[in-house]
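These notes concern the structure reproduced below.
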Amino acid sequence: MEALESTMRREEEIIGHGTWYDKIAAEIIERERKLGRGLDVINVESGVAASGIPHIGSFSEVTRNYAVSLAIKEQGYETRFILFSDNKDGLRSVPAGMPDSLKKYLGFPVTDIPDPFGCHESYGDHMISLLIDAIEEAGIEYTLIKGSDAYAQGLLNEEIRILLENAKRVGQIVKEETGQEKYLEVLPYFPVCESCGRIYTTKAYKFLPDENKILYRCEGMEIKHKWIEGCGYEGEADYTKGEGKLAWKAGEFAARWRALEIKFEAYGKDIADSVRVNDRICREILGYEPPMHAQYEMFLDKGGRKISKSKGNVFTPQLWFKYGSPQSMILLTLKRFVGTRNVSVDDIPRYMDELDELEDIYFGRRKIGDPKERAKLMGLYKYCWFMNPPEKPSIHVPYNLLVSLARVAPEGSEYQFIADKLRRYGYLKNSLTADLRKRIAYALNWVRDFEEAAEATIELNEIERKAITELVEKLRSTEDPNIIQSSIFEIARANGIKPKRFFQTLYRILLGTPYGPRLGPYLIDMGRENAIRALTRSLTRQNT
RNA sequence: GGGCCCGUAGCUCAGUCAGGUAGAGCGCCGGGCUCUUAACCCGGGGGUCGGGGGUUCAAAUCCCUCCGGGCCCGCCA
């Protein structure tokens, strides 16, 4: 009786699809209702950097905010998801893996730096396009606003004017919240130097409200413990023409929130201070109640393996997509919002399998007793597909099994080999599905990049050498897998070797592991000539 | 100096944000199969949920506190 009541009570409590995103959405709606701001369109923003290679953190910034936006929609309200690209930000350092020639552009707005790869209009465009590619592959619908356009089109004009008119109070708030006194003296606006093109080197010292102008000197600035020299130029910038940008910490967020009527923005803890300052500026100076927030922890690289060492690359969505589906990566980013995440490529198989598990739950193939838990997991699955889940479940093959098969799949006929095995194991009835082909491709990439099996040198005694020589002769005489299979046993016994031991030796020679697929067919699958060569090589190696 | 996160089985971690019988994978032990795909299947051991206090009918979960590990901010973005 009690249990029944509590079950019913819990069932009634389920909000939306039962996830954290649904709960946040409900809170946003409730908050807006109380504020009386109108609920016709509820905007959610995600601000993304364009100054470095987009990594897993940039991706999750977008997916998390987008999920909230979707949750709002699921509760029957119109919403718009805005992706704001900070491409007016200056280049502060040359990211690892980027050409050294970028050094001369330190301090330049990234939208003004030529694309070192030559495929986009600017360095900033190149970077943001990498992120856009990933989120489009993930199926995210967004409205992109580039900082450069926003400023050039005067989107923030009114807010900039108010902030400049109230620069003293802005400076005071920054000081109170962070202890930094800089903006008590400097205007919260960085003009782009008309002479040298740098942005952080300028010091804005006077605002001329009647002319929409800001007077500045190009003095230079210390960024990341390095001094970026200014050119000494003195000039004036017209803020209505986008000849500069607001200081991020001293009101730029606030200006965006008000101008774009943002009602929610989740952010990483690294910018917590800036958000706190901007909340106050937004409320106290711009007269706009700031959006609701959620703070999330960062993603940290575990490092290791071959990845960062050989290629010096950060953990990018593109990297993930080599070994796992977009949905598996979305799962990683949406599953939890609390807690620091240490991620590495090692985790990809786990998330691939977990997604299959969620799919089973979603399609009712796996029962979850607790209705709340069930709703949450089904909801999570739907969010992983951003509310467009497949109509039918896919064929689920454990990632590790595919990796094992990929490891031993003969070169040139990988898909056929793996499909054969999968049919034998009962995973597959007919031909490969498109989804399964992708999964196989992931596993093949995995094996190729992480498990390049060194053909081990094995200590062979005289008897084993004789046995292997006999096997090679046998291989030359037949193509019948079953005969070969039997021969292995026969040869082993004839030479007084336990078959099991002989198999292990052969696996070590061919695969580097003491186990493997049924050898008779495999030796044919891998190409009889290849097999003979590998076995012969193992004999000659002994002699050196 | 300010803030945040983590501590759960031998290992890696879920579970904590919506309190309701402590879980998974790997590893380990035993068994099935043994002219063999490593797989897989069945069974097993194993945890004072970092310590202490509090709230509650009920706490890994909420609150306070202490210990240990880590991160972010304190320039700029």
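Per chain, numbering begins at 1; letters A, B, ... match sequence-line order. Below, each value reflects all heavy atoms present in this structure, side chains not excepted, and no hydrogens, waters or symmetry copies.
Atom CG in L380(A) sits about 14 Å away from atom C1' in G15(B), given to the nearest Å. As rounded to whole Å, 14 Å separates atom P of G23(B) from atom CD of E373(A). For K203(A) and C76(B), the NZ to P distance is 13 Å, given to the nearest whole Å. The interatomic distance linking I271(A) (CD1) with G3(B) (P) rounds to 19 Å, in whole Å. In this entry the distance linking CZ of R276(A) with P of G3(B) reads 9 Å, nearest Å. Rounded to a whole Å, the NZ atom of K175(A) is 18 Å from the P atom of G74(B). A straight line from CD of E181(A) to C1' of G74(B) spans 13 Å, rounded to a whole angstrom. Remark: C1' of A77(B) and CE of M221(A) are 11 Å apart, rounded to the nearest angstrom.
Of the candidates G3(B), C75(B), A38(B), G3(B) carries the atom nearest the K269(A) side chain, counting heavy atoms from C-beta on. Comparing C75(B), G15(B), C35(B) against the side chain of S486(A) picks out C35(B) as the nearest. For L401(A), the side-chain atoms get nearest to A38(B) when compared with the rest of A38(B), A77(B), C35(B). With A77(B), C72(B), A14(B) as the candidates, the nucleotide lying closest to the side chain of S274(A) is A77(B). Taking every side-chain heavy atom of K245(A) into account, A77(B) is the closest of A77(B), C13(B), C76(B).
In this structure, G7(B) forms a base pair with C67(B), meeting either the Watson-Crick or the G-U wobble geometry with both donor-acceptor distances under 3.5 Å. Base pairing annotation: G1(B) forms a Watson-Crick or G-U wobble pair with C73(B), both donor-acceptor distances under 3.5 Å. Nucleotide U21(B) forms no Watson-Crick or G-U wobble pair with any nucleotide shown, as no partner meets the under 3.5 Å limit on both distances.
Rounded to whole Å, the separation between the P atoms of G44(B) and U8(B) comes to 26 Å. Using P as the reference atom, A39(B) and U34(B) are 16 Å apart when rounded to the nearest Å. For A59(B) and C49(B), the P atoms lie 12 Å apart once the distance is rounded to whole Å. Using C1' as the reference atom, U61(B) and C73(B) are 29 Å apart when rounded to the nearest Å. Nucleotides A14(B) and G52(B), compared at atom C1', are 27 Å apart to the nearest Å. One C1' atom belongs to G27(B), the other to G46(B), and the distance between them is 12 Å to the nearest Å. Nucleotides G1(B) and A22(B) place their P atoms 42 Å apart, quoted to the nearest Å. Rounded to whole Å, the separation between the C1' atoms of C28(B) and C71(B) comes to 35 Å.
Checked against the 6.0 Å centroid criterion, the rings of H293(A) and F264(A) do not qualify as a close aromatic pair. For H55(A) and W320(A), the distance between ring centers is not under 6.0 angstrom.
Contact check, K335(A) against A14(B): no side-chain N or O comes under 4.0 Å of OP1 or OP2. Residue K376(A) places none of its side-chain N or O atoms closer than 4.0 Å to OP1 or OP2 of A14(B). Residue K182(A) has a polar side-chain atom (N or O) positioned under 4.0 Å from OP1 or OP2 of C76(B).
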Could you give the side-chain donor-acceptor pairs of residues 185-192 of chain A under 3.5 Å, partners two or more places apart or in another chain?
unit_1	atom_1	unit_2	atom_2	d
Y189(A)	OH	G244(A)	N	3.1
Y189(A)	OH	G244(A)	O	3.3

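Sequence order on RNA chain B of the closest nucleotides to E354(A) and K249(A) puts E354(A) first from the 5' end. Both H17(A) and I223(A) lie close to RNA chain B; mapped to their nearest nucleotides by heavy-atom distance, the more 5′-ward contact belongs to H17(A).
Ring geometry for W446(A) versus Y399(A): interplanar angle over 60°, hence perpendicular rather than tilted (30 to 60°). Using cut-offs of 30° and 60° for the angle between ring planes, the H17(A) and Y383(A) rings count as perpendicular.
Backbone-only engagement by Q180(A) is indicated by non-hydrogen atom pairs under 4.0 Å involving sugar-phosphate atoms exclusively. Y200(A) comes within 4.0 angstrom of sugar-phosphate atoms only, judged by non-hydrogen atoms across all strands, and of no base. In this structure, F190(A) reaches the sugar-phosphate backbone alone: every heavy-atom distance under 4.0 Å involves primed, P, OP1 or OP2 atoms, never a base. Among the heavy atoms of the strands lying under 4.0 Å from G18(A) is at least one base atom, whether or not backbone atoms are also near.
Of the possible polar contacts, none joining the S413(A) side chain to the Q416(A) backbone as a donor-acceptor pair under 3.5 Å is found.
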Take E74(A) and Y21(A) through the test side-chain hydrogen bond (donor to acceptor under 3.5 Å, both in side chains) and record every step on the way to the result.
CA-CA 10 Å; E74(A) 289 296 302; Y21(A) 305 95; over 6 Å; no
